[in-house]
Amino acid sequence: MNQTIELLHAHRSIRKFTPRQIDPSVIETLISAGQAAATSSFIQACTVIQVSDTTKRESLAQMAGNQRYVAESPVFLVFCADMHRHQLACQMHDAEMRSGYTEQFLTASIDCGLFAQNLVVAAESLGLGGCYIGGLRNQIEAVSNLLELPELVYPVFGLCLGYPDQNPEVKPRLPINVVLKQDSYSSDQNDIVALEQYDEQVKEYYQNRTGGTKDQGWTEQISGMLQKEARPHMLEFLKKKGFLLK
Ligand SMILES: Cc1cc2nc3c(=O)[nH]c(=O)nc-3n(C[C@H](O)[C@H](O)[C@H](O)COP(=O)(O)O)c2cc1C
């Protein structure tokens with residue numbers, strides 16, 4: 001253990017914030033920590049939109065399934081996978097950009113994940129807390145229009161940030177032997193045993209967190225979720241934006 005690893009293990013999503021504002025210089029520090037992440041082939045394909053306009057924040061909160069902290073958190077950021085400026089780079093060199101490759105969609109999306117997680121870790125190291133908002137993809141086209149995103153840019157997720165006004169327990173993660181395999185993918189039967197043990201841990205976590213009202217293991221939660229459609233509008237939207245065409 002060292003301080004960095006301890007910080008990583010102390011992570012929990014924060015959804016309630018004190019009114020204390022975040023200094024703009026801190027935001028710049030966080031953005032630059034995000035930029036310091038590795039980036040596929042140096043593409044630097046993440047653009048962050050800080051949304052401060054209260055009307056837009058209210059709209060985004062509703063689009064995300066009425067998640068109040070989207071409107072109320074001191075800072076709200078939208079992470080966009082962005083291949084638009086690469087078009088500009090090609091124009092600057094009279095080159096015709098070959099876009100629409102699934103590979104480009106993947107690399108730009110991965111860049112956003114790495115950028116954002118660097119930023120979150122930096123924020124947590126400064127005593128801030130946050131919560132990613134994938135709910136923005138519920139109405140991704142409306143979000144994209146609201147933020148005036150051009151072709152080859154899509155909103156991957158949002159992030160609420162602020163000083164925590166709650167102190168939730170750390171959520172237990174899957175056992176190491178389920179997520180770390182050696183040399184090849186192996187042993188569904190062993191995984192089932194490990195998942196059953198993990199279910200008990202997650203049930204206990206939820207019981208403590210909800211005062212006994214929620215009593216659900218991880219496998220039950222996931223099996224419930226995976227019987228539902230998963231934002232089926234996504235492929236059509238991404239194609240419209242110039243992604244996932246080949
Ligand atoms: C990409 C992404 C999207 C998420 N979207 C939401 C969201 O829309 N609303 C929310 O309350 N939490 C959201 N979360 C937070 C997860 O629910 C949370 O990270 C997970 O339950 C683990 O809990 P922990 O972060 O407290 O460890 C999101 C997390 C990620 C990584």
Side-chain angles (χ1 to χ4, degrees), residues 3-39 44-82 84-85 108-109 111-140 142-150 153-171 209-210:
Q3 277 186 333
T4 305
I5 296 172
E6 274 171 18
L7 178 77
L8 294 173
H9 281 283
H11 160 80
R12 65 270 194 280
S13 292
I14 296 296
R15 299 177 175 87
K16 194 165 183 278
F17 304 95
T18 71
R20 182 176 165 195
Q21 294 303 302
I22 306 177
D23 197 276
S25 69
V26 171
I27 299 299
E28 283 191 14
T29 302
L30 298 182
I31 294 293
S32 110
Q35 286 187 284
T39 158
Q44 305 189 75
C46 179
T47 296
V48 181
I49 301 185
Q50 180 172 359
V51 184
S52 308
D53 180 278
T54 48
T55 313
K56 284 190 178 178
R57 286 282 288 276
E58 189 54 48
S59 302
L60 289 173
Q62 281 169 19
M63 288 167 188
N66 205 17
Q67 301 197 56
R68 294 316 306 155
Y69 27 98
V70 172
E72 290 161 6
S73 60
V75 163
F76 187 70
L77 305 176
V78 180
F79 290 80
C80 301
D82 181 354
H84 178 74
R85 59 176 153 264
S109 306
D111 261 27
C112 278
L114 298 178
F115 187 124
Q117 188 56 22
N118 251 27
L119 186 152
V120 165
V121 170
E124 290 176 347
S125 79
L126 296 173
L128 290 156
C131 183
Y132 285 105
I133 303 294
L136 283 190
R137 298 192 305 274
N138 290 351
Q139 294 190 43
I140 195 164
V143 170
S144 173
N145 292 338
L146 186 81
L147 301 177
E148 301 172 55
L149 303 185
V153 181
Y154 89 93
V156 187
F157 44 69
L159 180 71
C160 298
L161 273 181
Y163 291 93
D165 193 21
Q166 60 178 175
N167 189 16
E169 250 185 77
V170 169
K171 221 173 189 176
R209 181 166 157 178
T210 64

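Position 1 is the first residue of the sequence; numbering continues from there.
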Enquirer: Is Glu58 close to Arg68 at the side-chain level, that is, under 4.5 Å between some pair of heavy atoms?
Expert: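 Contact flag for Arg68/Glu58 side chains = yes.
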
Enquirer: Is any side-chain heavy atom of Ser32 closer than 4.5 Å to a side-chain heavy atom of Gln35?
Expert: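 Yes - at least one pair of side-chain heavy atoms lies under 4.5 Å apart.
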
Enquirer: Decide yes or no for Tyr154 and Ser144: does some side-chain heavy atom of the first lie under 4.5 Å from some side-chain heavy atom of the second?
Expert: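 Tyr154 vs Ser144: side chains apart.
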
Enquirer: Heavy atoms only: give me the nearest Cys46-Phe79 pair and the separation to one decimal.
Expert: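 Shortest heavy-atom contact: SG-CD2, 3.8 Å.
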
Enquirer: What residue among Leu128, Leu159, Val26, Leu161 forms side-chain contact (heavy atoms from CB on, under 4.5 Å) with Val75?
Expert: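 Passing option: Leu161.
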
Enquirer: So does Glu148 have more than 12 non-hydrogen atoms from other groups sitting under 6.0 Å from CD?
Expert: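 Atom CD in Glu148 is not crowded, with 12 or fewer foreign heavy atoms closer than 6.0 Å.
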
Enquirer: Does the side chain of Val153 reach to within under 4.5 Å of the side chain of Leu147, using non-hydrogen atoms?
Expert: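 A side-chain contact under 4.5 Å is absent here.
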
Enquirer: State, to 0.1 Å, how close Pro74 and Phe17 come at their nearest heavy-atom pair, and which atoms those are.
Expert: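 Nearest pair, atom of Pro74 first, then Phe17: CD-CB, 3.6 Å.
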
Enquirer: Of the non-hydrogen atoms in Gln166 and Lys16, which two are nearest, and what is the gap between them?
Expert: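 Where Gln166 meets Lys16 most closely, the heavy atoms are OE1-N, 3.3 Å.
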
Enquirer: Can you tell if the side chain of Asn118 reaches within under 4.5 Å of the side chain of Leu114, non-hydrogen atoms only?
Expert: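 They are not in side-chain contact.
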
Enquirer: Give a yes or no on this: more than 12 heavy atoms of other residues, nucleotides or ligands lie within 6.0 Å of atom CD of Glu6.
Expert: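 Yes, because the 6.0 Å sphere around CD of Glu6 holds more than 12 heavy atoms from other groups.
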
Enquirer: To check you understand the geometry: which heavy-atom pair defines the closest contact between Cys131 and Ser13, and what is its length?
Expert: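 Closest heavy-atom pair between Cys131 and Ser13: SG-CB, 4.1 Å.
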
Enquirer: Assess the residue pair Val143 and Arg137 against the criterion (side chain to side chain contact (heavy atoms under 4.5 Å, CB included)); give the C-alpha distance rounded to whole Å, side-chain angles, the decisive distance to 0.1 Å, and a yes or no.
Expert: CA-CA 8 Å; Val143 170; Arg137 298 192 305 274; over 6 Å; no

Enquirer: I'd like to check His9 versus Val170 (side-chain heavy atoms, cut-off strictly below 4.5 Å). Are they in contact?
Expert: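 No - every pair of side-chain heavy atoms lies 4.5 Å or more apart.
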
Enquirer: Is a side-chain donor or acceptor of Arg20 paired with a backbone partner of Tyr163 at a separation under 3.5 angstrom?
Expert: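 No; zero donor-acceptor contacts below 3.5 Å.
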
Enquirer: From Phe76 CZ over to Arg57 CZ, what is the distance, rounded to the nearest 0.5 angstrom?
Expert: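 It is 7.0 Å, given to the nearest 0.5 Å.
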
Enquirer: Would you indicate whether the side-chain heavy atoms of His84 and Thr47 approach each other to under 4.5 Å?
Expert: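 Not touching, per the 4.5 Å side-chain cut-off.
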
Enquirer: State, to 0.1 Å, how close Ala45 and Thr39 come at their nearest heavy-atom pair, and which atoms those are.
Expert: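 Nearest pair, atom of Ala45 first, then Thr39: N-OG1, 4.5 Å.
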
Enquirer: Rounded to the nearest 0.5 Å, how far apart are CG of Asn145 and CE of Met63?
Expert: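 With rounding to 0.5 Å, CG (Asn145) is 8.0 Å from CE (Met63).
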
Enquirer: Work out which heavy atom in Leu149 is nearest to a heavy atom in Pro155; give both atom names and the distance.
Expert: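 In this case the closest contact between Leu149 and Pro155 is CD1-CD, 3.5 Å.
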
Enquirer: Nearest 0.5 Å, please: how far is SG in Cys160 from CD1 in Ile14?
Expert: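 Those atoms lie 11.5 Å apart.
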
Enquirer: Between Val70 and Gln62, is any pair of side-chain heavy atoms under 4.5 Å apart?
Expert: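 Counting from C-beta outward, Val70 and Gln62 never come under 4.5 Å.
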
Enquirer: Go through the steps to decide whether Val51 and Leu60 satisfy the test side chain to side chain contact (heavy atoms under 4.5 Å, CB included), and finish with yes or no.
Expert: CA-CA 9 Å; Val51 184; Leu60 289 173; 3.9 Å; yes

